[in-house]
Amino acid sequence: MDKVVTRFPPSPTGYLHVGGARTALFNWLYARHTQGRFVLRIEDTDAERSTQASVDAILEALEWLGIDWDDGPYFQSRRMDIYNEYIGKLLESGAAYYCTCTPEQLEEMRKMAKEAGGKPKYDGSCREKGLEKTDGAVVRLKAPVMGTTVVEDVIKGNIVFQNDELDDFILLRSDGIPTYNYAVVVDDITMGINTVIRGDDHVNNTPRQILLYKALNIPLPAFGHVPMVLGNDRSRLSKRHGAMSVTAYRDMGFLPDALLNYLVRLGWSFGDQEFFTRNELIEKFTLDNVGKSAGIFDMEKLQALNADHIKAASPRYVSKHLLPFLKEAGCEAEEGEFLDKVVLTLNARSKTLKEMAEGALFYFPDTVSYDEDASKKFLMESILEPFKLLIDELKSLDDFTEKALETPFKTVMEKTDLKFGKIAQPLRVALTGKTVSPGIFEVLEALGKEKVIKRLEKAVQYIESR
RNA sequence: GUCCCCAUCGUCUAGCCUGGUCCAGGACACCGGCCUUUCACGCCGGCAACAGGGGUUCAAAUCCCCUUGGGGACGCCA
């Protein structure tokens with residue numbers, strides 16, 4: 001078989017939303033899995049709504065997700081010559097014709113058809129008139145009136161449409177700009193696309209597009225329609241269901257790999273496996289494991305998966321994505337061993353990077369500020385002596401690792417006859433300012449000898465000056 | 001209204017094609033318990049589904065039909 005060529009064709013009328021990202025992902029994964037090619041095409045034939053800002057936003061989102069393309073981005077707005085060339089062919093062969101019906105007339109036709117209990121459609125008034133090109137005329141496809149058109153969908157199976165359900169749809173608008181159904185087909189043909197994977201909502205467009213391929217006498221690509229993503233009320237996912245844009249998820253602290261993992265599992269499965277790395281996805285993704293029914297976007301499952309990815313990823317990968325959140329919180333951290341250690345203490349306790357950043361803040365400043373209730377409860381005079389002893393012990397400890405740190409504690413516990421818990425909680429407050437933090441030995445090691453002693457001494461001072 | 005698609009725990013899903021191994025498995029969420037220096041992680045256990053009705057068959061979650069429910073499409077948007 002020929003090399004698989006897939007594509008993702010967003011229209012630049014807004015940001016990239018999660019549904020679109022999922023479609024892109026399916027196409028990208030399939031191309032990567034088959035070692036085929038993945039093409040990016042911007043469908044900007046709607047001059048009214050298309051903007052450069054949207055193009056930029058979409059590219060930015062794709063890049064963040066790590067979905068890369070081999071070809072493009074192509075812009076439909078720059079391909080008018082090609083569309084005209086094919087229109088010429090269709091006109092010449094009699095497969096298309098000019099139509100001068102006005103929008104008002106069309107509206108009337110649709111109304112009539114609907115009242116007659118049928119599907120609103122164009123009645124073919126100009127079909128046999130043999131009209132010439134005139135100002136304001138559109139070009140329509142002369143579609144077959146009888147017979148059926150079958151979509152051989154690789155995901156849903158065969159879908160049969162009665163041709164009399166379809167009408168002579170418009171190829172070229174009165175302003176000479178191609179319509180979606182037409183531009184898509186010409187582009188897919190000229191770009192060598194042989195596998196079209198797209199949302200379920202395009203099923204009804206497919207027979208029209210097939211008719212065009214036939215009129216042009218060009219072999220069909222494989223079609224696969226993936227089920228849609230719904231909101232929690234089972235209606236089409238929209239803003240009122242919460243965040244839609246990919247970048248919003250980035251800003252909430254999700255890892256791109258986690259979003260990808262979640263999105264692909266919504267509609268695709270590989271046995272009971274839930275967690276996939278990017279490479280595993282490429283290795284295991286096939287179209288026959290894509291399901292047929294729509295799925296509901298579930299934030300909680302995304303979070304759980306994000307937590308898993310945070311745990312499983314390398315500290316360096318996590319810290320790279322964590323950095324913006326730390327900066328945002330006014331913290332001047334940088335990539336490196338220290339940050340890696342910090343991440344290691346928090347990766348099992350963070351569902352998002354945002355959460356992780358909050359939990360990591362105490363590591364950085366020179367002086368910690370104590371949570372009021374925490375200091376009142378734990379930084380009492382009775383802890384002064386243990387703290388002082390601990391400072392002495394720690395000062396003489398060179399190997400500042402979790403394991404080695406246990407010894408000074410034992411010593412202090414013996415000398416003061418205090419249980420570990422009695423020391424740990426005050427120490428936690430002295431070091432982190434809070435009563436909740438990673439394990440105390442983890443904090444100790446990550447913070448390092450110098451900072452630990454400094455913070456302990458400051459705590460002693462604080463208690464004594466009260 | 002017309003056409004198209006879909007239907008397993010609350011949610012994502014395995015199983016369905018190639019009926020019996022399924023009084024239906026996993027995951028998220030939820031509820032218990034264990035671990036424990038806080039919070040988490042982890043571990044153990046629990047709750048919870050084949051939409052309904054007809055067939056076919058010795059046997060149906062699995063095959064067929066109908067009903068119901070949900071979704072999508074009907075634009076000189078994509």
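In the text below, chain A, chain B and the rest are named by the order of the sequence lines, each starting its count at 1.
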Next on the checklist: Between B:rC47 and B:rC4, how far apart are the two C1' atoms, rounded to whole Å?
Outcome noted: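 Roughly 38 Å separates the two C1' atoms.
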With heavy atoms under 4.0 Å as the rule, sort [X] into base, sugar-phosphate or nothing.
X	value
A:Leu266	sugar-phosphate
A:Pro10	nothing
A:Gly439	base
A:Glu274	base
A:Thr45	sugar-phosphate
A:Gly359	nothing
A:Thr435	base
A:Ser293	sugar-phosphate
A:Lys419	nothing
A:Thr179	sugar-phosphate
A:Cys101	base

Checklist entry - Is any NZ, NE, NH1 or NH2 atom of the basic residue among A:Asp167 and A:Lys119 found under 4.0 Å from an Asp or Glu carboxylate oxygen of the other? => result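 Salt bridge flag = no for A:Lys119 with A:Asp167.
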Checklist entry - Is it true that A:Asp371 and A:Lys434 have a side-chain N and a carboxylate O under 4.0 angstrom from each other? => result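 Not counted as a salt bridge, because no side-chain N and carboxylate O are separated by less than 4.0 Å.
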Checklist entry - Which pairs pass side-chain hydrogen bond (donor to acceptor under 3.5 Å, both in side chains) with one or both residues in residues 149-160 of chain A, sequence neighbours excluded? => result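 Every side-chain hydrogen bond (donor to acceptor under 3.5 Å, both in side chains) pair that includes a residue of residues 149-160 of chain A, provided the two are not neighbours, is A:Thr149-A:Asn163, A:Asp153-A:His225, A:Lys156-A:Asp200.
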Using purine N1 to pyrimidine N3 plus N6-O4 or O6-N4 for Watson-Crick, or N1-O2 and O6-N3 for G-U wobble, both under 3.5 Å, which nucleotide pairs with [N]?
N	answer
B:rC76	none
B:rG45	B:rC31
B:rG19	none
B:rA7	B:rU68

So does [X] have more than 12 non-hydrogen atoms from other groups sitting under 6.0 Å from [atom1]?
X	atom1	value
A:Lys354	NZ	no
A:Lys451	NZ	yes
A:Met380	CE	yes

Checklist entry - Along nucleotides 60-75 of chain B, 5' to 3', which nucleotides get a B, which get an S, and which get a -, given that the test is a protein heavy-atom distance under 4.0 Å? => result -----------SBSBS
Length of the line joining [X]:[atom1] and [N]:[atom2], which is rounded to integer Å:
X	N	atom1	atom2	value
A:Tyr262	B:rC28	OH	C1'	9 Å
A:Trp268	B:rA14	CH2	C1'	13 Å
A:Leu418	B:rU37	CG	C1'	13 Å
A:Asp308	B:rC12	CG	P	19 Å
A:Tyr83	B:rC76	OH	P	19 Å
A:Lys156	B:rA7	NZ	C1'	12 Å
A:Arg22	B:rC12	CZ	P	11 Å

Next on the checklist: Which is more 5' along RNA chain B, the nucleotide nearest A:Lys301 or the one nearest A:Glu442? Just name the residue.
Outcome noted: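 The 5'-side residue here is A:Lys301.
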Checklist entry - Of A:Ser269 and A:Ser11, whose closest RNA chain B nucleotide lies nearer the 5' terminus? => result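 Mapping each residue to its closest nucleotide by heavy atoms, the 5'-most match is A:Ser269.
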Next on the checklist: Please identify which of these residues, A:Thr179, A:Asp187, A:Thr190, meets the side chain to side chain donor-acceptor pair (under 3.5 Å) condition with A:Tyr83.
Outcome noted: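 For A:Tyr83, the side chain to side chain donor-acceptor pair (under 3.5 Å) test succeeds with only one of A:Thr179, A:Asp187, A:Thr190, which is A:Asp187.
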Checklist entry - Which pairs with one or both residues in residues 411-430 of chain A pass ring pair (Phe, Tyr, Trp, His ring centres under 6.0 Å), sequence neighbours excluded? => result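 Output for this query lists A:Phe409-A:Phe420, A:Phe420-A:Phe441.
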Next on the checklist: Please determine whether a side-chain nitrogen or oxygen atom of A:Lys311 lies at a distance below 4.0 Å from atom OP1 or OP2 of B:rG42.
Outcome noted: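 Checking A:Lys311 against B:rG42: at least one side-chain N or O falls below 4.0 Å of OP1 or OP2.
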Item to check | A:Asp188/A:Arg7 under salt bridge (Lys or Arg N to Asp or Glu O under 4.0 Å): CA gap, chis, key distance, verdict | outcome: CA-CA 9 Å; A:Asp188 285 344; A:Arg7 40 64 155 190; 2.7 Å; yes
